[in-house]
Amino acid sequence: MAAVAGTGVFAEILEGEVYRYYADGEWRVSASGKSVAIVNPTTRLTQYRVQACTQEEVNKVMETAKVAQKAWARTPLWKRAELLHKAAAILKEHKTPIAECLVKEIAKPAKDAISEVVRSGDLVSYTAEEGVRILGEGKLLVSDSFPGNERNKYCLSSKVPLGVVLAIPPFNYPVNLAVSKIGPALIAGNALVLKPPTQGAVAALHMVHCFHLAGFPKGLINCVTGKGSEIGDFLTMHPGVNCISFTGGDTGIAISKKAGMVPLQMELGGKDACVVLEDADLDLVAANIVKGGFSYSGQKCTAVKVVLIMESVADIVVEKVKAKLAKLTVGPPEADSDITPVVTESSANFIEGLVMDAKEKGATFCKEKGATFCQEYRREGNLIWPLLLDHVRPDMRIAWEEPFGPVLPVIRINSVEEGIHHCNASNFGLQGCVFTKDINKAIMISDAMETGTVQINSAPARGPDHFPFQGLKDSGIGSQGITNSINMMTKVKSTVINLPSPSYTMG
């Protein structure tokens with residue numbers, strides 16, 4: 001029999017019908033007596049329940065985390081790495097029940113759910129290795145390189161932990177984007193408080209249990225669940241928090257305004273543009289538009305969100321993309337469908353609003369009569385069929401807003417400059433991509449695009465997980481990627497040795 005969520009080694013995280021929260025090394029039931037329902041996007045019925053933690057419980061978690069962090073900072077680096085490697089192995093070993101949660105909570109296709117868990121284990125192992133290298137090295141500076149100084153001062157600098165890191169991952173990768181914060185925080189000597197998204201909370205609790213089974217010290221890792229309205233601001237403004245790593249939407253902008261003097265690492269979505277030049281490989285373009293715009297129903301920060309295509313090749317590409325869309329399977333995540341229901345009814349309603357606005361303003365769903373592939377907008381519950389909107393203009397909301405669903409606008413352009421202008425007029429700047437066979441044009445355009453990353457001849461992507469990942473403008477603050485995250489979750493500590501007289505080696 002296949003492993004099932006909440007059973008076997010995971011039985012202790014479930015209390016009756018409600019999953020417990022994790023604090024001070026134990027699985028607990030909230031004193032609130034309340035729970036939060038998690039609705040399955042496919043059935044639209046309650047699938048799971050999690051504890052609705054109180055502010056008092058958050059206070060206790062912060063206190064224990066602070067105490068645990070002091071001891072953890074004194075734990076040898078190799079020992080921290082050893083525990084992370086152990087957690088990674090346990091995570092991969094239990095990929096099936098965790099993937100089951102992802103399928104039921106966020107309607108992630110089954111194969112993608114499994115690969116998210118495996119990738120997360122790999123990320124934790126890589127973080128352990130990288131952390132040992134980065135944090136094992138310090139720096140020695142001598143004073144006589146600056147004018148007016150003799151060599152009478154030696155400065156030793158090293159990286160020390162920040163304290164308690166608050167990690168807030170999003171619904172679409174509740175395991176992977178949690179461990180991308182947890183791993184760097186722990187290897188660097190910090191304690192951790194995780195506030196998972198409501199949709200995705202149960203997968204995150206199962207993942208936390210894998211760290212529990214690895215034997216991390218009590219109080220070092222904590223996971224509180226509950227309504228954002230009750231504990232969200234309370235957590236992000238808590239005086240016990242020394243760093244916030246957040247991935248998500250507009251909430252991040254509100255957090256950054258309230259957080260005060262705390263280092264922030266934020267990735268807040270995008271409107272990733274795909275610029276297609278006349279000389280591009282059009283089959284490659286069509287394949288990447290479908291992969292980039294429609295995998296996981298477009299619910300990725302790095303999804304292609306707008307196609308800016310030269311008029312002369314637009315008809316050909318639009319037909320190629322529509323032909324591919326017609327072959328995508330649409331249905332439940334359990335069946336490994338290509339297009340699965342979007343995460344909530346309100347998301348589906350928002351996407352529909354963008355589509356209707358574009359339709360009223362004249363976007364084309366079908367080419368002229370006799371088009372090979374005609375499509376209509378179709379929705380059942382949270383399930384929206386894939387849709388390519390052609391002849392989109394800048395006065396349509398979908399030209400600028402992020403649908404986070406399987407609908408993609410095509411804007412026809414007459415010059416490269418027009419494409420770059422549209423890309424840079426957006427308030428987002430996460431990633432973008434450009435398709436051309438001319439390497440010089442590719443470099444010039446990528447330099448001109450105001451985005452954190454530009455992919456040349458491929459759809460935008462978050463990984464590999466050790467690559468730098470950052471957004472400009474409203475897309476974020478700071479940079480992620482394993483090395484960058486470790487550096488960001490530490491501070492530099494300097495010790496200056498003052499010598500009684502200048503010292504010149506071999507002088």
Side-chain angles (χ1 to χ4, degrees), residues 21 23 30 32 34 36 50-66 69 161-174 177-178 180-182 184-185 188 190-201 204 221-270 301 344 346 350 401-402 404 427-430 452 469-480 484-485 487-491:
Y21 77 100
S30 171
S32 72
K34 291 187 207 153
V36 179
V50 293
Q51 304 294 328
C53 293
T54 64
Q55 295 188 352
E56 189 43 50
E57 284 158 347
V58 168
N59 282 336
K60 282 205 182 99
V61 156
M62 290 296 174
E63 279 167 35
T64 54
K66 219 162 207 56
Q69 190 272 326
L162 294 174
V164 178
V165 173
L166 172 62
I168 309 176
F171 82 83
N172 55 352
Y173 290 89
L177 288 174
S180 74
K181 305 171 189 307
I182 296 169
N190 297 294
L192 191 108
V193 176
L194 177 69
K195 164 65 177 79
T198 300
Q199 306 280 138
I221 302 168
N222 307 274
C223 184
V224 293
T225 54
K227 286 200 166 75
S229 55
E230 285 171 30
I231 58 167
D233 278 0
F234 190 73
L235 272 165
T236 55
M237 294 164 75
H238 201 285
V241 170
N242 305 111
C243 168
I244 300 173
S245 179
F246 174 93
T247 307
D250 302 346
T251 320
I253 294 173
I255 291 172
S256 70
K257 287 175 179 165
K258 297 172 189 167
M261 288 277 289
V262 171
L264 300 178
Q265 181 185 46
M266 300 217 156
E267 190 259 288
L268 311 177
C301 304
T344 58
S346 61
F350 175 74
E401 294 180 47
E402 184 180 27
F404 235 67
N427 58 334
F428 290 115
L430 187 62
F469 182 59
Q470 56 280 319
L472 307 182
K473 300 184 275 192
D474 285 357
S475 284
I477 302 171
S479 179
Q480 299 176 57
N484 291 351
S485 293
N487 285 330
M488 187 261 159
M489 292 177 181
T490 57
K491 51 185 177 244

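For clarity, every value in this text was computed on a predicted model and none was experimentally measured. Just so you know, residue 1 is the first one in the sequence shown, and it goes up from there.
In Asn59, the CG atom is crowded: over 12 heavy atoms of neighbouring residues, nucleotides or ligands sit closer than 6.0 Å. Atom NZ of Lys34 sits in a sparse spot, with 12 or fewer heavy atoms from other residues, nucleotides or ligands closer than 6.0 Å.
In terms of heavy atoms, Ile231 sits closest to Thr225 at CD1-O, 3.7 Å. The shortest non-hydrogen separation linking Val61 to Ala23 is CG2-CB, 3.6 Å. Pairing each heavy atom of Pro161 with each of Ala188, the nearest pair is CB-O, 3.2 Å. The two residues Leu472 and Gly452 make their nearest non-hydrogen contact at CG-N, 3.8 Å. Closest approach of Ile253 and Ser256 over heavy atoms only: O-OG, 2.8 Å. Between Cys223 and Tyr21, the shortest heavy-atom distance links the atoms O-CB, 3.4 Å.
Distance check, rounded to the nearest 0.5 Å: SG of Cys243 to CG of Leu264 gives 7.5 Å. Asn172 contributes atom CG, which lies 8.5 Å from atom OG1 of Thr247 (distance to the nearest 0.5 angstrom). Between Ile244 atom CD1 and Met237 atom CE the span is 10.0 Å, to the nearest 0.5 Å.
Between Cys301 and Glu267, some side-chain heavy-atom pair lies under the 4.5 Å cut-off. At least one side-chain heavy atom of Leu177 sits less than 4.5 Å from a side-chain heavy atom of Pro170. Side-chain atoms of Pro196 and Pro174, non-hydrogen and from C-beta on, never get closer than 4.5 Å to each other. Side-chain contact between Leu430 and Phe469 is present, with heavy atoms from C-beta onward closer than 4.5 Å. Contact of the Asn222 side chain with the Leu192 side chain is not registered, since no non-hydrogen atoms from C-beta on lie closer than 4.5 Å. Side-chain atoms of Leu162 and Pro263, non-hydrogen and from C-beta on, do get closer than 4.5 Å to each other. Side chains of Thr236 and Phe246 form no contact here, defined as non-hydrogen atoms less than 4.5 Å apart. By the 4.5 Å heavy-atom criterion applied to side chains, Asn190 and Met489 are counted as neighbours.
Under the 3.5 Å distance criterion, the side-chain polar atoms of Ser475 are left unmatched by any main-chain donor or acceptor of Leu268. Not one N or O on the side chain of Ser32 forms a donor-acceptor pair closer than 3.5 Å with the backbone of Thr54. Asp474 contributes no side-chain N or O that, together with a main-chain N or O of Phe428, makes up a donor-acceptor pair within less than 3.5 Å.
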Open item on the list: If you apply the rule side-chain contact (heavy atoms from CB on, under 4.5 Å), what do you find for Gln480 with Gln265, and how did you get there?
Closed with: CA-CA 7 Å; Gln480 299 176 57; Gln265 181 185 46; 3.3 Å; yes
Open item on the list: Working note: Val164 + Lys66, criterion side-chain contact (heavy atoms from CB on, under 4.5 Å); need CA distance, chi angles, decisive distance, verdict.
Closed with: CA-CA 6 Å; Val164 178; Lys66 219 162 207 56; 4.1 Å; yes
Open item on the list: Set out, in order, the CA-CA distance, both residues' side-chain angles and the distance that settles side-chain contact (heavy atoms from CB on, under 4.5 Å) for Leu194 and Ile182, then state yes or no.
Closed with: CA-CA 8 Å; Leu194 177 69; Ile182 296 169; 4.3 Å; yes
Task: Stepwise side-chain hydrogen bond (donor to acceptor under 3.5 Å, both in side chains) test for Lys491 and Asn242 - done: CA-CA 11 Å; Lys491 51 185 177 244; Asn242 305 111; over 6 Å; no
- [ ] Might you work through the side-chain contact (heavy atoms from CB on, under 4.5 Å) test for Thr64 and Gln69, ending with a clear yes or no?
- [x] CA-CA 9 Å; Thr64 54; Gln69 190 272 326; over 6 Å; no
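Under the 3.5 Å distance criterion, with hydrogens and angles disregarded, a donor-acceptor pair is assigned to the side chains of Glu57 and Ser30.
Looking at His238, Lys195, Glu230 one by one, the single match for side-chain contact (heavy atoms from CB on, under 4.5 Å) with Val58 turns out to be His238.
Residues that satisfy the salt bridge (charged side-chain N to carboxylate O under 4.0 Å, His left out) test with Lys258, not counting sequence neighbours, are Asp233.
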